[in-house]
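Note: hydrogens, waters and symmetry copies are ignored here, and every other heavy atom, side chains too, is used.
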Amino acid sequence: MTSLAPSENLNDPLVTVDGVSFSHGARVIFDNVSLTIPRGKITAILGPSGTGKTTLLRLIGGQLAPSKGQVTVFGQDVQALSVTELYSMRKRIGMLFQSGALLTDLDVFENVAFPLREHAVLPESMIRSIVLMKLEVVGLRNARHLYPRELSGGMARRVALARATALDPVMVLYDEPFAGQDPISMGILVRLIGEFNRALNLTSVIVSHDVKETAMIADYMYLLSEGRVVAHGTPEGMRASREPAVTQFMEGEPDGPLPFHYPGPDYLHDLMS
Amino acid sequence: MTELFARIGRSSLSIFERLGNGTLFLFQILMGLGFGFKRPTLVLLQIWAVGVRSLSIIMVSGAFVGMVLGLQGYNTLVTYGSEESLGALVALSLIRELGPVLTALLFAGRAGSALTAEIGLMKATEQLAALEMMGVDPLQRIVVPRFIAGLFAMPLLAAIFTAIGILGGYFCGVGLLGVDAGAFWSLMQQHIDLIDDVMQGVVIKSIAFGFVVTWIALYEGYASLPTSEGVSQATTRTVVNASLAVLALDFVLTGLMFH
Amino acid sequence: MKITRTMEVGVGLFVSLGLAALLMLALKVANISAMAVTEGYLVTAHFDNIGKLGIRSPVKMSGVVVGRVTRVDYDVDRGQAVVEMRIEKRFSHIPRDTSASIYTAGLLGEQYLSLDPGGEETFLKQGDDLPLTQSAVILERTIQQFLYSKTVQGNGKKKP
């Protein structure tokens, strides 16, 4: 699983997003966005809701195609891959969906075992020990007979985390891992993501709007707003930044360069008409 | 006026678009059929879901339809003094039309709607996207086994419906109304041909219906909007479109088969 | 959903129930014996009019089905309809001079071909043509003849 693709070079960044534009109907989501995800690090992509952070993950996973620009993953142009190559690339990527996206007709054990059963021809005893190990790490080994409907949101996300790492991927993409979690689950998830990254020598991409938690574990941060990268740097550098858009987001101020109001005619104009 | 034409144009364009997408979807299923034979347990699971769980409604409906045919047929035939032909009447109407058509309509309502809702919800809860990101093609893993199961279960269900319907007609005609049992079966046998009626009527028609109903149900689920409203609309569309398609296809097939 | 024993048994029951239903439709409902008659021998008969007789109409002797009509055609040379029938193998001792008639079961029922055995010592064999035939009774024509003869009779009575 950790073998390199032919065109891969260990010194290159794992993912390069180069001048990518993407629109959803008439709405422009990305306008000439460029960023790089270095190997072995935790990279955070921050931004207010609705800035297309999830879309960015889908572009990396090849589920969406950019209208302009190039996405390179493991040294391969994602758009140039055939369907088979795309699927084999995805086997090296784990993804944690915001909702967990567990298969509702399988129990916890079978959910974690799913990628192993689909992709690897392993004896049942080996599948069992891998699954139990992954579940032990997220603390849900004894919940393995429960079904997704019996899990809390935080537990579902931990199961999804175990599933995303079941095939020992090179990179894990996290889509809003902290959204809607109570402080305890949030703490658990922050710790788990950090531990996984170190213990499995992973590369992690976290897409989030929870600045504080993300800054605790991220090595590098990108701030997206209105389809563009407005700032990037290390967490310390970002905190020290004097740029108004950065301080607004880092401090959570309601209004600033990122407007509080949805764009359109002003209030007075609407009232008078 | 131009507004009206524009609206007609737009809606027919969207109909053609759906039809085109549906055809493409069907081709993708057909290309992936091999996967179903590589993973027979997945197909078995779906035969359970669409076939076995539709069995009770099919058997009960079949019995009642056959009994009603027995009663009504007897009342009509007795006026002409030919109530011995009851067996032929019950069996002919069930085998050529009512068996396959009613089974397909019930199948669309029971199994088709469930397929659409299941796949639509899997889409809405990102399960299909998660499969894609795990490197598993949801079209093969989720859609193909359900398609094969639908195609396989429909003729069996139609045969069960028809057989139970004939027994229901026998129960009413012979058991309750006193038609001679020997005449009931022998006149039936004289009028029904294995190839022309049983094969064409029950087997071929129901395979065609199973194909169309399963295709529509899977497509509507796969193409549904990933919201609760989108899934509910898709489920309704499955039942309506699949029923209409079955009735229209039945007309065409009947025209081709029985002159 | 994991596959359970109940499901396996359920699917097995379902499939066998479906096959049993198909088998019942084939054996009990459809007349498989009529289908399976490829044995037996073919004989033909010529008629002026065959009425509604068609392929698979029964061929009966004393009311017992002994075969089925296999082909209906028009013989241009003789200017008559020709009916080909297959008679089951076990009825092999039918006299050569047997006559064929077309009757209707009941007033409005289906038509069938009836064989009335003659007295010859030689028997029918493959390819024979039945010499004596009686055409179907066409209801309209009978009524027409009846009315015509009445008018002729009536005219005859008035004249003297």
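- For the atom pair CG of L55(B) and CZ of F14(C), the computed distance is 6.0 Å after rounding to the nearest 0.5 Å.
- Heavy atoms of A158(B) lying under 4.5 Å from chain C are absent altogether.
- To the nearest 0.5 Å, atom CD of residue Q189(B) and atom CG of residue L27(C) are 9.5 Å apart.
- Between V11(C) and I47(B), the shortest heavy-atom contact is CG1-CG2, 3.9 Å.
- Screening V52(B), L45(B), T41(B), L44(B) for a side chain to side chain contact (heavy atoms under 4.5 Å, CB included) involving M7(C) leaves a single residue, L45(B).
- Shown here is R71(C), whose CZ atom has more than 12 heavy atoms of other residues, nucleotides or ligands within 6.0 Å.
- Atom CZ of F91(C) sits in a crowded spot, with more than 12 heavy atoms from other residues, nucleotides or ligands closer than 6.0 Å.
- With a 4.5 Å cut-off on non-hydrogen atoms, F161(B) does not touch chain C at all.
- For the residue pair A21(C) and A163(B), the shortest heavy atom distance occurs at CB-CB, 3.7 Å.
- Only the side chain of I95(B) has a heavy atom closer than 4.5 Å to any heavy atom of chain C.
- Summarising the local packing, CE of M61(C) is surrounded by more than 12 heavy atoms from other residues, nucleotides or ligands at distances under 6.0 Å.
- Considering only heavy atoms from C-beta on, L17(C) comes within 4.5 Å of M59(B) through its side chain.
- Residue contact with chain C, scored on non-hydrogen atoms closer than 4.5 Å, involves the backbone and the side chain of I160(B) alike.
- The environment of F123(C) atom CZ is dense: over 12 non-hydrogen atoms of other residues, nucleotides or ligands sit within 6.0 angstrom.
- Looking at M24(C) and L167(B), their side chains come closer than 4.5 Å, going by heavy atoms from C-beta outward.
- Ranking P155(B), S186(B), A153(B) against chain C, the residue ahead of the rest is A153(B), based on heavy-atom pairs under 4.5 Å.
- Screening V198(B), I192(B), L194(B), D197(B) for a side chain to side chain contact (heavy atoms under 4.5 Å, CB included) involving L25(C) leaves a single residue, V198(B).
- The number of heavy atoms from other shown groups lying within 6.0 Å of CZ (R78(C)) is above 12.
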